[in-house]
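Indexing begins at 1, ligand by ligand and atom by atom, following the structure's order. In what follows, residues are counted from 1 in the order of the sequence shown. Just the heavy atoms: all of them, side chains too, but no hydrogens, waters or symmetry mates, feed the values below.
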Amino acid sequence: MRTKVAIIGAGPAGLLLGQLLHASGIDNIILERQTPEYVLGRIRAGLLEEGTVALLDEVGAGTRAHREGLVHDGIELAFGGSRHRIDMKAATGKTVMIYGQTEVTLDLMNAREAAGLTTIYEASDAQPHEFDTDHPRVSYVKDGAAREIACDFIAGCDGFHGVSRASVKPQAIRTFERIYPFGWLGILSETPPVSHELIYNNHERGFALCTMRSTHRSRYYVQCPLDDHIDQWPDERFWDELKRRLDQKAVDHLVTGPSIEKSIAPLRSFVAEPMRFGRMFLAGDAAHIVPPTGAKGLNLAASDAHYLAVALREYYDEKSSAGIDAYSATALARVWKAVRFSWWMTSMLHKFPDTEGFGARIQLAELDYVVGSKAATTSLAENYVGLPF
Ligand code: RFL
Ligand code: PHB
């Protein structure tokens, strides 16, 4: 088999890149280790920047998001017993959209199928080869048989634990990492959200986030110890802990119900440099991870896919390598700003082992400054709605 771009991974980065390339007439094949059902079952991100929605529109996959997504003009920060609204639309003219990653993935999968493009699911042992030459290829196993795709370029869109980044010689890559000493325990429930906008709570018992997937489906997170296990968190314990971290008005409005999904995610910041190795590019979580506090992971996967698609279009249409040569630096400039923002939001809102006394007072002073200063509010808002790309 031969294609121009072999994409490893059918998550948001790989699926969006595939559609963007197709829109430019660049043929591509996606290899995915899991089944489509497995990919669609992963409850992850929920918040899209306008730029991400525009990319879905660009590939004709944005119709349902506009119909079903919830557009939010602001968020609330709760600390010291009261809530403060950040009006992002007033500060930046921009909004964000609540639309789940599961839905984004489904819309992109449907668009791919409608376009008749090849996705090979349940492809095991994918391995990129010879990407430092002009004839890269990807080997894999399907239905017990060894197969291979010859290509011009490889796009490693295979997430944090993927094979692409792991295939690079250690001396060719540099990584930067911060591991946070806690995780997020999240639940999804078929209950109306406690408030029509997101509430980020700084509390002495730990961080809590009230978010949603729709007007009848809520998503809540509480900061938890890294070594906690789901079994230690029956629904009653979760709701009880959440209530302890919310302001009184939120507690009064909270509707609880059985969880339909429950999971614990560790928090980390991670960046690999560069994002290009000869004829292989990394995009999305394969290259970088952010803690979910800033809601940037999926949105960064989308901006990487955009930069890479533009670079490859330039390569094929204009016979110029300038775009692919600049891809890594261009993408990393945006990535690092999102890494900074996510780290800052995480630092300001969570309980750290040393957030006693002095540390806690500094967090409250910072939050008070953020909600009280027009400059600080605008800075948070312009990062939250997404820096331009
Ligand atoms: P993904 O989604 O991990 O997809 C990678 C795909 O590659 C496949 N794969 C392979 N395929 C073939 N061969 C191999 N060897 C392979 N190895 C892996 C995998 O099966 C998978 O299908 O990466 P991608 O596409 O880069 O997308 C990144 C996003 O999924 C991620 O950044 C977000 O979910 C992060 N995130 C959030 N991002 C936001 O923008 N807004 C949010 O509100 C938000 N909330 C979150 C989040 C992530 C969370 N968790 C669980 C980590 C909330 C949570 C709790
Ligand atoms: C979510 O809806 O899952 C979500 C929203 C905002 C975040 C993190 C997660 O910062």
Participant: Verify whether one side chain among His253 and Ser195 offers a donor that lies under 3.5 Å from an acceptor in the other.
Facilitator: no
Participant: Would you please indicate if the ring centroids of Tyr315 and Phe153 are separated by under 6.0 Å?
Facilitator: yes
Participant: So is Arg44 in contact with ligand 2, going by heavy-atom distances below 4.0 Å?
Facilitator: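 Yes, that is the case, since the closest heavy atom of the residue is under 4.0 Å from the ligand.
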Participant: With atoms numbered from 1 as shown, which atoms in ligand 1 lie under 4.0 angstrom from a non-hydrogen atom of Cys157?
Facilitator: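 Under 4.0 Å from Cys157, ligand 1 has these atoms: 5 (C), 6 (C), 7 (O).
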Participant: Indicate, as side chain, backbone, both or neither, the part of Ile98 found under 4.0 angstrom from ligand 2 when only non-hydrogen atoms are considered.
Facilitator: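 It is neither part, as no heavy atom is under 4.0 Å.
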Participant: Tell me the contacting part of Arg213 for ligand 2: side chain, backbone, both, or neither, using a 4.0 Å heavy-atom threshold, strictly below.
Facilitator: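 Within the 4.0 Å criterion, Arg213 contacts ligand 2 through side-chain atoms alone.
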Participant: How close does the nearest protein non-hydrogen atom get to atom 8 (C) of ligand 2, and which residue and atom is it?
Facilitator: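 Of the protein heavy atoms, Pro292 O, 3.2 Å lies nearest.
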Participant: When you measure from atom 43 (O) of ligand 1 to every protein heavy atom, which one gives the shortest distance, and what is it?
Facilitator: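 Here the nearest protein heavy atom works out to Gly46 N, 3.2 Å.
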Participant: Counting only heavy atoms closer than 4.0 Å, does ligand 2 sit against the backbone of Tyr220, its side chain, both, or neither?
Facilitator: neither
Participant: Counting only nitrogen or oxygen atoms and a 3.5 angstrom limit, does Gln34 reach ligand 1?
Facilitator: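 Checking ligand 1 against Gln34, no N or O pair falls under 3.5 Å apart.
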Participant: Any nitrogen or oxygen of Tyr221 lying under 3.5 Å from a nitrogen or oxygen in ligand 1? Just yes or no.
Facilitator: no
Participant: Does an N or O from Ala126, backbone or side chain, lie closer than 3.5 Å to an N or O of ligand 1?
Facilitator: no
Participant: Considering distance alone, does some N or O of Ala301 sit under 3.5 Å from an N or O of ligand 1?
Facilitator: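 No; the residue has no nitrogen or oxygen that sits under 3.5 Å from a nitrogen or oxygen of the ligand.
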Participant: Do Gln101 and ligand 1 have an N or O pair less than 3.5 Å apart?
Facilitator: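 Yes.
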Participant: Please report which non-hydrogen protein atom sits nearest to atom 9 (C) of ligand 2, along with the residue it belongs to and the distance in Å to one decimal place.
Facilitator: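 Nearest neighbour among protein heavy atoms for atom 9 (C) of ligand 2, to 0.1 Å: Tyr221 CE1, 3.7 Å.
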